[in-house]
Structure formats: structure tokens, C-alpha cells
**Q** 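Before I ask anything, let me first share the structure, which is written out below as C-alpha cells.
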Protein chains: 2
Amino acid sequence: MRALVVEDDPDLNRQLGRALEDAGYAVDSALDGEDGHFMGDTEPYDVVVLDLGLPKMDGVTVLERWRQEGRDFPVLILTARDRWSEKVAGFDAGADDYLTKPFHTEELLARMRALTRRAAGHTTATIECGGLSIDTRGARVFIDGAPVKVTSHEFRMLSYLAHHQDRVISRTELVEHIYDQDFDRDSNTIEVFVGRLRKKIGTDRIETVRGLGYRLVDPVARPVS
Amino acid sequence: MRALVVEDDPDLNRQLGRALEDAGYAVDSALDGEDGHFMGDTEPYDVVVLDLGLPKMDGVTVLERWRQEGRDFPVLILTARDRWSEKVAGFDAGADDYLTKPFHTEELLARMRALTRRAAGHTTATIECGGLSIDTRGARVFIDGAPVKVTSHEFRMLSYLAHHQDRVISRTELVEHIYDQDFDRDSNTIEVFVGRLRKKIGTDRIETVRGLGYRLVDPVARPVS
DNA sequence: TAAGTTGTTCAGCACGGGTTCAGGGGGATC
DNA sequence: GATCCCCCTGAACCCGTGCTGAACAACTTA
């Protein structure tokens with residue numbers, strides 16, 4: 001975990017830095033707004049502690065610029081003045097948390113834990129398989145970046161195959177995961193869907209294993225079976 | 001945006017509820033820990049305001065149980081006592097923010113905005129989506145800079161879609177986040193709102209995914225990945 | 001009270017897409 | 001190589017989903 005501390009009081013800055021290092025962070029520090037802004041702009045921090053009253057560039061301005069430039073690390077704001085209008089301005093500039101001086105180090109650490117915890121919860125929801133990418137949350141399919149239009153049942157089926165790629169999935173297993181209740185056994189719906197999918201994403205991406213089922217594979221890097 | 005307020009003081013509870021409703025949230029409230037825990041356990045809230053001193057079940061316990069059960073909505077903790085050890089306990093139980101009574105309503109709202117923003121992975125108060133910008137604070141919508149007039153329900157819906165843009169949002173998810181408690185299942189209100197929104201912001205900005213739901217997209221720069 | 005907003009309901013329509021069917025191809029096994 | 005069975009494919013059917021216009025109800029504002 002990399003942390004940046006932007007605080008103009010050298011004593012407090014050093015004290016914070018040491019506390020964070022003890023807590024396991026790799027810490028950089030800056031003593032004014034311009035330095036702080038530059039560092040946050042060039043290094044990928046996991047969390048930033050930012051004082052509002054800074055020389056050269058105001059803390060709110062620093063934060064606003066970062067956000068405009070697309071930096072989205074969590075930022076915790078510090079200020080000596082307990083004016084709630086400033087807090088509101090800080091939050092609306094894109095701050096994630098706020099602490100009024102003086103504060104207990106334990107509280108700062110606890111808040112930072114909360115910040116990094118939540119920031120780490122962002123998981124990408126796309127499954128990759130040799131140029132084929134499946135956005136499970138957006139229900140979209142791309143093949144080498146180009147969008148492919150699939151219907152909801154086709155998507156469910158492809159998504160299930162992708163979750164278990166390189167494994168053979170039986171027809172009944174597919175049916176059970178696509179349909180809620182049971183379903184007419186002697187029907188060739190699954191085959192029809194496989195056919196339609198193959199037409200859309202390429203014939204060689206779904207292998208059929210006679211008598212067993214289907215398997216989603218990466219067509220170029222064919223594994224030695 | 002659905003919010004839950006768990007606060008045993010009936011006056012404060014009502015006051016908070018009204019303030020949040022004015023700010024555009026659909027609010028449920030609970031007056032003790034057990035009720036609060038149950039509601040948070042069964043309904044998909046976007047943010048929760050939780051008092052620590054509660055009858056029947058302590059606030060920290062409520063929060064710990066939610067986290068154990070996998071509820072990951074952002075939680076803002078309230079307490080009358082300004083003891084930082086309690087704050088630390090609250091954070092480590094999984095709280096995302098903390099506010100000491102008494103507080104300014106504006107500060108609470110700013111913190112809640114920051115929480116919901118962060119939960120959705122955004123860091124600014126306005127959400128952009130290909131020429132469409134949504135001011136979550138002022139409840140305004142602009143398209144290429146020109147203001148678009150939307151009603152409050154339309155705004156809630158668009159706002160929720162924008163918080164989760166590129167994701168497919170089911171009709172029930174929309175209903176659950178726009179209306180407080182349950183709601184007539186077989187009603188086509190959502191479709192009507194989608195239709196009206198499309199008429200205002202452009203047909204191609206809200207895609208319908210048959211059988212799954214709706215998705216807010218940038219109509220020109222179709223994302224690649 | 002009248003006029004204007006805003007939210008909800010209803011009915012009709014269009015069409016997408018899931019399902020079915022019939023027929024043909026091609027492994028597998030002997 | 002013959003036979004069987006599994007699988008593929010194209011097309012047609014038809015039901016359900018979603019869209020739309022309009023009317024109605026609830027509520028605000030003049």
C-alpha cells in the first residue's frame with residue numbers, strides 16, 4: 001500500500017509519515033500544494049492524506065485538479081479549522097473522508113483502513129478467453145474489442161461456459177443453469193443456441209465433445225489434450 | 001437511491017428522514033437495532049445511517065452482523081458520545097464514515113454523497129456519460145451543456161443508471177432503488193419512465209436488454225474492452 | 001377553484017427471440 | 001465400408017416482452 005501525505009507542518013508531516021510506516025504503508029510526503037499535486041499526478045498511490053491549508057496551492061484546488069485529471073485514489077482531507085462549509089467544499093471536490101485536527105492517530109489509521117478496504121473492492125467483472133471478452137455485469141460480449149450482439153439466453157449460456165472454460169459442460173448442466181425449473185428433456189434448444197453462438201463468436205471457440213457436452217476454448221493457444 | 005436510517009430518537013429519526021427525502025433519497029427508518037438489522041439484511045440499500053447507541057441490539061453489533069452476512073452497502077455511523085475508541089471500533093466493524101452529534105445536515109448530506117459516489121466508483125459530484133452530465137447535487141441534467149428538464153422520479157432513475165453505467169440494471173433493481181418499500185410488481189411504470197427519459201435525452205442512450213433490463217451507455221464512443 | 005405538473009394505469013400493437021421440427025451431415029463402432 | 005446415433009442447421013411458428021399514446025389520479029400552484 002502506497003500512501004502520500006501532503007501537509008505543510010514539518011513536524012506533523014514527519015509524525016504522520018512514521019505512524020503510517022509503522023502501519024505498513026510505503027509513504028511519500030510533500031510539504032506544499034504544488035509538490036503534492038505533482039506527486040499525486042505521477043505516482044499511483046493507494047490512499048492520500050491531504051491538508052486543506054497549504055502553501056502555493058490550496059488543498060481543495062489540488063484535489064479538484066486530481067479529479068479532473070482522472071486520479072481516483074481515495075483522499076482523506078485534514079484541516080485545522082472546524083468549519084463545516086469547508087468540509088462540504090472538500091467533499092464536493094471529490095474527497096472521500098475528512099478529519100479535523102487535532103485527531104488521534106488511531107482514528108486516522110482506522111479511517112484509512114476503511115478507505116483502502118472499499119477501494120480494493122472494485123473487481124473487474126469481465127472474463128477473458130483468447131480475444132473473447134465477456135462483461136458479466138453489462139451482459140455484453142466483445143471479440144477482439146468489437147461488440148457482438150447476443151440475446152439474453154445466449155449470454156447466459158456463454159457466460160456459464162466462460163466461467164468454466166476448458167472444462168466440458170454437459171447439456172443437462174447447461175440446461176440446469178440457464179433455466180429455472182426443469183425443462184423438456186428431449187429438446188434440441190441447447191444445440192440451437194450453440195449453433196447461433198458459434199455463428200457469432202466463431203465456430204472454433206466452442207468445441208463439442210461427442211456424448212459429453214461442450215467446451216469453451218481459446219482457439220489459437222490450443223492446449224495439448 | 002435508497003437509504004436506511006437507524007436511530008432510536010424518534011424526533012431525530014423523522015428529521016433525518018425528511019432531510020434525506022428532500023435530497024432525493026427513498027428512505028426507510030428503524031427505531032431499534034433488531035429492526036434495523038433485519039431491514040438492512042433484506043433490502044438492498046445504497047447507503048445506511050446507523051446510530052451506535054441503540055436499544056435491543058448495539059450499533060456496532062448490527063454492523064458486524066451485516067458485514068459477516070456479506071452486506072456491503074456503505075454505512076455512516078452516528079454517535080452522541082465523542083469517544084474516539086468507539087469510532088475506531090465502528091470503523092473496524094466495517095463502517096465507512098463517522099459523524100458526531102450534533103452535526104449540520106449539510107455535512108451529513110455531503111458525506112452521504114461522497115459515500116454513494118465512492119461506492120459506485122465515482123469521485124466527482126457530476127457523472128459524465130458521453131455528453132450527458134448528471135449533477136447529483138443539484139439534481140440537474142445537461143446534454144452537451146444544455147439543461148434538460150426531468151422530474152424527480154426520472155432523475156432518480158437516470159441517476160441510478162448513471163451510477164452504474166455500462167451495467168445492465170434489471171427492472172426490479174430499478175424499482176427497489178427508486179421506491180421505498182414494496183411496490184406493485186406487475187406495473188409498467190418503469191417502462192413509461194424509460195420511454196419519457198429516452199424522449200428527453202435521446203433514444204440511443206438507454207439500451208434495453210431483453211429479459212434482463214436496461215443499460216445507460218455512451219452512444220458514440222462504444223467502449224472497447 | 002381552475003390550471004398545470006407529475007406519477008400511475010391501461011390497452012393495443014409490433015417484433016424480438018425462444019422453441020420446435022424436419023432433414024442432412026459426419027463420427028464412432030463393428 | 002455400412003450402420004447407427006449424435007449433432008448441426010435452416011426455417012417457421014408463436015408467445016411474451018417491451019413500447020407507445022392517452023387517460024386518469026394525486027398534488028401544487030396561481
Side-chain angles (χ1 to χ4, degrees), chain A residues 139-141 148-161 168-216 225, chain B residues 18 21-22 24-26 139-141 147-161 168-216:
Chain A
R140 277 185 293 190
V141 176
V148 177
K149 201 175 169 226
V150 294
T151 72
S152 71
H153 273 56
E154 285 167 6
F155 181 79
R156 278 198 228 175
M157 177 155 149
L158 180 59
S159 165
Y160 188 78
L161 286 172
V168 175
I169 309 295
S170 72
R171 208 168 286 104
T172 56
E173 193 176 344
L174 277 177
V175 164
E176 282 171 353
H177 283 85
I178 290 178
Y179 300 93
D180 342 351
Q181 311 281 359
D182 358 38
F183 167 88
D184 194 6
R185 303 293 246 115
D186 44 353
S187 144
N188 71 337
T189 321
I190 295 297
E191 287 143 44
V192 174
F193 278 132
V194 169
R196 289 182 182 167
L197 268 179
R198 285 210 250 242
K199 211 174 265 176
K200 291 182 178 179
I201 67 171
T203 315
D204 46 358
R205 288 188 180 274
I206 302 179
E207 289 182 358
T208 123
V209 184
R210 259 185 107 84
L212 292 179
Y214 300 94
R215 175 168 50 194
L216 186 74
S225 65
Chain B
R18 207 170 303 141
E21 277 172 2
D22 288 348
Y25 292 89
R140 287 163 192 272
V141 176
V148 177
K149 202 179 167 215
V150 293
T151 72
S152 76
H153 273 56
E154 284 167 7
F155 181 78
R156 279 198 215 178
M157 178 155 147
L158 181 58
S159 163
Y160 189 78
L161 285 172
V168 172
I169 309 293
S170 72
R171 209 165 286 105
T172 57
E173 193 176 343
L174 276 177
V175 164
E176 283 174 345
H177 284 86
I178 290 178
Y179 300 94
D180 333 16
Q181 293 285 2
D182 36 13
F183 170 85
D184 192 7
R185 293 306 216 115
D186 43 355
S187 146
N188 71 336
T189 318
I190 296 296
E191 286 143 41
V192 175
F193 277 128
V194 168
R196 289 181 182 169
L197 267 178
R198 284 210 250 241
K199 216 172 262 179
K200 292 182 179 180
I201 67 171
T203 315
D204 45 358
R205 288 188 181 275
I206 302 179
E207 290 182 356
T208 124
V209 185
R210 254 185 180 252
L212 293 179
Y214 298 95
R215 175 170 52 198
L216 186 74

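Chain letters run A, B, ... following the sequence lines, proteins first, then strands; residues in each count from 1. Any value given below was found using the heavy atoms of this structure, including those in side chains, with hydrogens, waters and symmetry copies removed. Here the structure is a predicted model, which is why all the values come from computation and not from measurement.
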**Q** When you get a sec, tell me which of C/dA11, D/dG18, D/dA12 is the closest nucleotide to the side chain of A/Arg196?
**A** D/dA12

**Q** Quick one: OH on B/Tyr214 to CD on B/Glu173, what's the gap to the nearest 0.5 Å?
**A** 13.5 Å

**Q** For A/Lys149 versus A/Lys200, what's the shortest heavy-atom pair and its separation?
**A** O-NZ, 3.0 Å

**Q** Assess the residue pair B/Tyr160 and B/Ile178 against the criterion (side-chain contact (heavy atoms from CB on, under 4.5 Å)); give the C-alpha distance rounded to whole Å, side-chain angles, the decisive distance to 0.1 Å, and a yes or no.
**A** CA-CA 8 Å; B/Tyr160 189 78; B/Ile178 290 178; 5.6 Å; no

**Q** Looking only at side-chain atoms of B/Tyr214, point me to the closest of D/dC8, C/dG18, D/dC19.
**A** D/dC19

**Q** Calculate the interatomic distance between B/Asn188 atom CG and D/dC24 atom P; express it in whole Å.
**A** 17 Å

**Q** Quick check: on DNA chain D, is the nucleotide nearest B/Leu212 upstream (toward 5') of the one nearest B/Lys199, or the reverse? Name the residue that is more 5'.
**A** B/Leu212

**Q** Closer to the 5' end of DNA chain C via nearest nucleotide, is it A/Lys149 or B/Lys149?
**A** B/Lys149

**Q** Using OP1 and OP2 only, check whether a side-chain N or O of B/Thr208 sits under 4.0 Å from D/dT17.
**A** no

**Q** Using a cut-off of strictly less than 4.0 Å, decide whether A/Thr189 has a side-chain nitrogen or oxygen near OP1 or OP2 of C/dT20.
**A** yes

**Q** Provide, to the nearest angstrom, the distance between the CZ atom belonging to B/Arg215 and the P atom belonging to D/dG18.
**A** 14 Å

**Q** CG of A/Leu197 versus P of D/dC8: gap in Å, rounded?
**A** 12 Å

**Q** When B/Leu158 is tested against each of B/Val194, B/Leu216, B/Val148 for side-chain contact (heavy atoms from CB on, under 4.5 Å), which residue passes?
**A** B/Leu216

**Q** What pair of heavy atoms forms the shortest contact from B/Gly213 to B/Val168, and how long is it?
**A** N-CG1, 3.9 Å

**Q** Which residue, A/Val192 or A/Arg210, contacts DNA chain C at a nucleotide closer to its 5' end, judged by nearest heavy atom?
**A** A/Val192

**Q** Does C/dT5 have OP1 or OP2 sitting under 4.0 Å from an N or O in the side chain of B/Thr151?
**A** no

**Q** Which nucleotide, C/dC10, D/dT9, D/dG18, lies nearest any side-chain atom of A/Glu191?
**A** D/dT9

**Q** Can you tell me if the side-chain N/O atoms of B/Ser152 get under 4.0 Å from OP1 or OP2 in C/dT6?
**A** no

**Q** Whole-Å distance between C/dT5 C1' and B/Glu154 CD?
**A** 11 Å

**Q** Whole Å only: how far is the CZ atom of A/Phe155 from the P atom of C/dG18?
**A** 13 Å

**Q** Figure out the CD1/C1' separation between B/Ile190 and C/dG7, and round it to whole Å.
**A** 11 Å

**Q** Does C/dT8 have OP1 or OP2 sitting under 4.0 Å from an N or O in the side chain of B/Tyr179?
**A** yes

**Q** Rounded to the nearest angstrom, tell me the gap between atom CD in A/Glu207 and atom P in C/dG26.
**A** 18 Å

**Q** When the distance from CD1 of B/Ile206 to P of D/dT20 is rounded to whole Å, what number comes out?
**A** 11 Å

